Protein chains: 2
Amino acid sequence: MGIDGLDGRLIVLLAREPRIGVLEASRRLGVARGTVQARLDRLQSNGVIRGFGPQVDPAALGYPVTAFATLEIKQGQGADVRAHLGGVPEVLELHTTTGHGDMLCRLVARSNADLQRVIDKVVGFEGIVRASTAIVMENPVPLRVIPLVEQAAQEG
Amino acid sequence: MGIDGLDGRLIVLLAREPRIGVLEASRRLGVARGTVQARLDRLQSNGVIRGFGPQVDPAALGYPVTAFATLEIKQGQGADVRAHLGGVPEVLELHTTTGHGDMLCRLVARSNADLQRVIDKVVGFEGIVRASTAIVMENPVPLRVIPLVEQAAQEG
DNA sequence: GCCACGGCTGGGCAATGTGTACAGCACATC
DNA sequence: GATGTGCTGTACACATTGCCCAGCCGTGGC
């Protein structure tokens, strides 16, 4: 289930320099090309690596404002709310959670003013009782997995 | 600054089938290979596409539990807290926000029991006054950008 | 009306990487 | 001692890449 040191080094290498191919990776790692290919195939069928899709920056697309909204949902309306939020492009992510709120979603908007429009679109739905929003000011740690991969590789 | 329809179709295509190369993409989009290459270069130097790194699933790495923690920070301790959290592998993401808390971070753990260890590691730092954690139960909308790309492409 | 410019096309070229297969070898398991 | 698994090193045909160029077309400036 876990990953070993070679898997970890491979993932980190690919994360740092995604453009290199299997051959170059095998050179860097000091193993045979077939090995890298086999590891990659395994990591992908394992689900450890979901894919190599392009990482798009919403800010560069014209959506520089990010916010997190905690939503409180009317009992039994969960499915409807999920479907509704799934249809809003500015909702980048949605989780159902324990705790004070019932759901947490990540939003983006073109500006602080535009955020109001997005929030209206999000909460303008009968199943949502209350929403509290936190606007992101700074992002000291952007979404990352490499430290986790390194830790998992050492233990595994 | 924005992207046009072709950019949008290219990004969506790459997101759906990352393995295809420039040549195959140009065939699918019905444009010349040089065009796809030029668009890709531009999108990457624009910063719209940050890269093509592997998308790693923490759950498959042995960290199936995700949580969001809202942190309250002692005045003037922001920089120290950022550095501290940056050193914790289980902190996948950290934002400073407006609202009730001062920071919001995404955590992963090996189990609910292990989450306690992670939280202790996170909040075991003098600069942090209080932390409230919400455990993720379900993830109806995984992190996505394609709908946003499509919207940006239509408008741009 | 004319011209320069930027973007797209379609072609060609050498160099490189890919997919796939194979035999040999080390290591752990039974 | 036999078996299975994973890694190595090699080979080959094929597709793709990076790069170059000439030509075409629409926009905008002169």
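Everything numeric in this text was worked out from a predicted model, so none of it was measured. So that the names make sense, note that chain A is the first sequence line, chain B the second, and so on, each numbered from 1.
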Rounded off to whole Å, could you give me the CG-to-P distance for the A/L29 and D/dG6 pair? 18 Å
B/L61 vs A/V149 side-chain heavy atoms within contact, under 4.5 Å: yes
Check each residue of residues 13-21 of chain B for a non-hydrogen atom within less than 4.0 Å of any atom in DNA chain D, then write out the ones that pass by number, or none. B/G21
Distance to the ring centre below 6.0 angstrom and angle to the axis at most 45 degrees; does that hold for B/R110 and B/Y63? yes
NE2 (A/H95) and CD1 (B/I135) are apart, to the nearest 0.5 Å, by 13.5 Å
Note: B/E93-A/R106 ion pair, threshold 4.0 Å (strictly below): yes
For D/dG18, take OP1 and OP2 only and decide whether either is under 4.0 Å from a side-chain N or O of B/Q37. yes
Rounded to the nearest 0.5 Å, what separates atom CG in B/L71 from atom CZ in B/R130? 10.5 Å
Which word best sums up how the rings of A/F125 and A/H84 line up, parallel for under 30°, tilted for 30 to 60°, or perpendicular for over 60°? parallel
Using a cut-off of less than 4.0 Å, is there contact between a side-chain N or O of B/R27 and OP1 or OP2 of D/dA15? no
Pairs under 3.5 angstrom, nitrogen or oxygen only, protein versus nucleotides 7-15 of chain C, please.
| unit_1 | atom_1 | unit_2 | atom_2 | d |
| --- | --- | --- | --- | --- |
| C/dC8 | OP1 | B/R39 | NE | 3.0 |
| C/dC8 | OP1 | B/R39 | NH2 | 2.5 |
| C/dT9 | OP2 | B/A32 | N | 2.8 |
| C/dT9 | OP2 | B/T35 | OG1 | 2.3 |
| C/dG12 | O6 | B/R33 | NH2 | 3.1 |

Looking at A/R16, I'd like to know if its CZ atom is crowded, meaning that more than 12 non-hydrogen atoms belonging to other residues, nucleotides or ligands lie closer than 6.0 Å. no
Under 3.5 Å, which N/O atoms of the protein pair with N/O atoms of nucleotides 22-24 of chain D?
none

CD1 (A/I11) and CG (A/L14) are apart, to the nearest 0.5 Å, by 8.0 Å
Mind calculating the distance between CD1 (A/I3) and P (D/dG6) to the nearest angstrom? 17 Å
Expressed in angstrom and rounded to an integer, what is the separation of A/L23 atom CG from D/dT16 atom C1'? 14 Å
Can you spot which of B/T97, B/T70, B/I73 makes a side-chain contact (heavy atoms from CB on, under 4.5 Å) with B/M103? B/I73
Worked check of side chain to side chain contact (heavy atoms under 4.5 Å, CB included) between B/Q77 and B/I128: CA-CA 8 Å; B/Q77 300 285 304; B/I128 298 177; over 6 Å; no
Give, for atom CG of A/L92 and atom CG of B/L143, the distance between the pair rounded to the nearest 0.5 Å. 6.5 Å
